[in-house]
Amino acid sequence: MLVRADDAGRRTGRIVEVEAYIGATDRASHARFGPTARNRVMYGPPGIAYVYRVYGMYDLLNVVTEPADRPAAVLIRALEPLDGIEAMRAARIAHGRAGAGIGRLPAHRLASGPGLVTAAFGLDRFDTGTDLCDPASTVRIAGPARSVTDDEILASPRIGVDYAAEPWRSIPWRFVIAGHPSASGPSRLR
DNA sequence: GCAAGGATATCG
DNA sequence: GATATCCTTGCA
């Protein structure tokens, strides 16, 4: 569960879709270039946020997952909004990238994509370095909203990594709660 | 189907 | 410095 507690109130969302990026040999990972100014937190301790910008407009939230010097992270691709729906909606409108229909978007679509997760939670690349495991952090990851069994989870190839060589392009390292209405992409892909 | 949008890694 | 590329999204 992703939690943000600040002046705007408390926002929580159940993490329903993630992707794994593991090691310098993963040709789809930012770590494929070795340590750089952008990805350096991937080489630090786990539990830290790595937020980067793609396509000039969207910031994507990742969590560092391995001990120092082993670059790995999990991309948070979608949330099921639980609390703070209106704060998320307001943040989406303030972010301004999406079209005019946000005011009428159903709640379950407010964070149904990696760029939408950060927009709904008011995160950007300058939040890189936040300790997501520290209860004192404004943004943090708490225990699961509820338990998930293995047979609910669908594994598939990662999204948007067609540039990577095989086998990395096809490894099923995207994990989603099968059929969840808050998963990313068109409904036919959920 | 495709444009928007700017940071980033790489090359000269 | 210049340039090709990118872990996306919403609308035509």
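By convention in this document, chain letters (A, B, ...) are assigned in the order of the sequence lines, proteins followed by strands, and residues within each chain are numbered from 1.
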Residue list, ring-ring contact (aromatic ring centres under 6.0 Å, His included) with A:Y52, at least two apart or on another chain: A:H30, A:Y50
Qualifying residues under ring-ring contact (aromatic ring centres under 6.0 Å, His included), relative to A:F121, sequence neighbours excluded: none
Nucleotides 1-9 of chain B: protein proximity per nucleotide (B base, S sugar-phosphate only, - neither; heavy atom, under 4.0 Å): ---BBBSSS
Separation between CD1 of A:I48 and CG of A:N62, rounded to the nearest 0.5 Å: 13.0 Å
Gap separating the NE2 atom of A:H180 from the OG atom of A:S112, nearest 0.5 angstrom: 10.5 Å
What is the distance from [atom1] of [X] to [atom2] of [N], rounded to the nearest Å?
X	N	atom1	atom2	answer
A:Y52	C:dT5	OH	P	18 Å
A:I76	C:dT8	CD1	C1'	17 Å
A:I93	C:dG10	CD1	C1'	16 Å
A:L123	C:dC7	CG	C1'	16 Å
A:L105	C:dG10	CG	C1'	11 Å

Residues forming a side-chain contact (heavy atoms from CB on, under 4.5 Å) with A:T25, sequence neighbours excluded: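 Testing A:T25 for side-chain contact (heavy atoms from CB on, under 4.5 Å), a comparison that skips the adjacent residues, returns A:W168.
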Pairing pattern in dot-bracket form [Watson-Crick, G-U; both distances under 3.5 Å; | = partner strand] for DNA chain B: ||||.||||||.
Side chain A:R4, main chain A:R10, donor-acceptor under 3.5 Å: no
Residues which pass salt bridge (charged side-chain N to carboxylate O under 4.0 Å, His left out) with A:R169, listed by chain and number, not counting sequence neighbours: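 With sequence neighbours excluded, A:R169 shows a salt bridge (charged side-chain N to carboxylate O under 4.0 Å, His left out) to A:E166, given in chain and number order.
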Sugar-phosphate, base or nothing in reach of A:L75, heavy atoms under 4.0 Å: base
Close residues, residues 155-164 of chain A, relative to DNA chain B [heavy-atom separation under 4.0 Å]: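 By residue number: none to list.
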Results of side-chain hydrogen bond (donor to acceptor under 3.5 Å, both in side chains) for A:R140 - residues two or more places apart only: none
Sequence-distant partners of A:D127, side-chain hydrogen bond (donor to acceptor under 3.5 Å, both in side chains), two or more places apart: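 A:D127 satisfies side-chain hydrogen bond (donor to acceptor under 3.5 Å, both in side chains) with no other residue.
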DNA chain C contacts among residues 21-31 of chain A, heavy-atom distance under 4.0 Å: A:Y21, A:A28, A:S29, A:H30
Co-members of the apolar cluster containing A:L82 [side chain, <4.5 Å]: A:M1, A:V3
Minimum heavy-atom distance between A:S184 and A:A78, given as atom pair plus value: N-CB, 4.1 Å
Acceptor/donor pairs from residues 67-75 of chain A side chains to any protein atom, 3.5 angstrom cut, sequence neighbours excluded:
| from | atom 1 | to | atom 2 | distance (Å) |
| --- | --- | --- | --- | --- |
| A:R70 | NH2 | A:E66 | OE1 | 2.7 |

